[in-house]
Amino acid sequence: MLMSKGFNTMQSKITHVFVLGSLCLTFYCLCTADKFYNRGNHEWTKLFMVQHWPPTVCKEVENDCRDPPDYWTIHGLWPDKAGECNRSWHFNLDEIKDLLPDMRHFWPDIIHPSPNRSQFWKHEWEKHGTCAAQLDVLNSQRKYFGKCLEFYKTLDLNSVLLKLGIEPSVSYYQLEDIKNALTSMYGVIPKIQCLPPEQEEDVQALGQIEFCFTKDLHLRNCTEPEVYSPFLQDALLTDEASMSHGLSVCEDGPVFYPPSEKMYH
Ligand SMILES: *[C@@H]1O[C@H](CO)[C@@H](O)[C@H](O)[C@H]1NC(C)=O
Ligand SMILES: *[C@@H]1O[C@H](CO)[C@@H](O)[C@H](O)[C@H]1NC(C)=O
Ligand SMILES: *[C@@H]1O[C@H](CO)[C@@H](O)[C@H](O)[C@H]1NC(C)=O
């Protein structure tokens, strides 16, 4: 009895030390990952050119999203692994005056269409543009927004989807079919994001398609593995998810590509 009690105490002490040690280690890792992510290190390796499907974006927020465009629009051009790289580099609408007609048409703020549409562009510039600006070809607001519009036109996603026979529909697609069709057209694997179903019997809705570019601005796969710490990866995935609101990578299986209200009528 006595021996066994002593042994148990010993064991529980060891467990305590171990748990405490693990906690400290976890805390230390979280802190350093946070430091690494938030301060100083703004290294990134690829750019996501992100386009979203307005009817799904509207479902996601359920606010005054009246009459959204019935074509894919730009969400942004995002370096991976970096955000808000220069907080003193403020958005200046004057620098992109000549782009405004295209900006309004291809890069509208779906969620807050009024009163000030440029808030969305300001957010994208300050969060992502200031990091993308590490590249000479993107080192001004004119270049950043201009290049993104250029990518949008070159990728020409709306026409490509039509050509592939992938149209908004009340019947469902299989994720694999959409993915394979896009991959065969573009030669690289995109990242496809969905709005998860609200109820079990619903089906995920196609929300966002992201194409990846190298720092030389060549298309690349979005899927290539990166080697970095799992802690950091977690922190980053969380941030990436929050950038795209309620969207997450689509799961294999059926996908709903929702028609806009306009298409019903
Ligand atoms: C941040 O942006 C400001 C304004 O463009 C610029 O003067 C400054 O050099 C930038 N800082 C860094 C670290 O790039
Ligand atoms: C809209 O927002 C931009 C960026 O924040 C600002 O420069 C501009 O003055 C605002 N325009 C209006 C009409 O409020
Ligand atoms: C993209 O991934 C596919 C399949 O894994 C591979 O065959 C292809 O070579 C990759 N393309 C590039 C540009 O890395």
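Both ligands and their constituent atoms are indexed starting at 1 by order of listing. Quantities reported herein were computed from a predicted structural model and do not represent experimental measurements. One-based numbering along the sequence shown.
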Exercise for the section: May I ask whether atom 5 (O) of ligand 1 is less than 4.0 Å from at least one protein heavy atom? Expected result: yes
Problem - Protein non-hydrogen atom below 4.0 angstrom of atom 14 (O) of ligand 1 present - result: yes
Completion exercise
Any heavy atom of Leu219 under 4.0 Å from ligand 3? The part involved is neither
Practice task
Indicate yes or no: does an N/O atom of Asn221 lie under 3.5 Å from an N/O atom of ligand 3?
Solution key: yes
Practice task
May I ask you to decide if the ring planes of Phe145 and Phe91 are parallel, tilted or perpendicular, using 30° and 60° as cut-offs?
Solution key: perpendicular
Handout entry: Whether Phe211 and Tyr186 hold their rings parallel, tilted or perpendicular, with breakpoints at 30° and 60°
Key = tilted
Handout entry: Which residue and heavy atom of the protein sit nearest atom 2 (O) of ligand 1, plus the separation
Key = Asn86 ND2, 2.3 Å
Exercise for the section: Report yes or no: is the cationic atom of Lys215 (NZ for Lys, CZ for Arg) closer than 6.0 Å to the six-membered ring centre of Trp44, at no more than 45° off its axis? Expected result: yes
Handout entry: Lys191 to Phe48, cation-pi by 6.0 Å centre distance and 45° axis angle
Key = yes
Problem - Nearest-0.5 Å distance, OG of residue Ser248 to CD of residue Gln204 - result: 8.0 Å
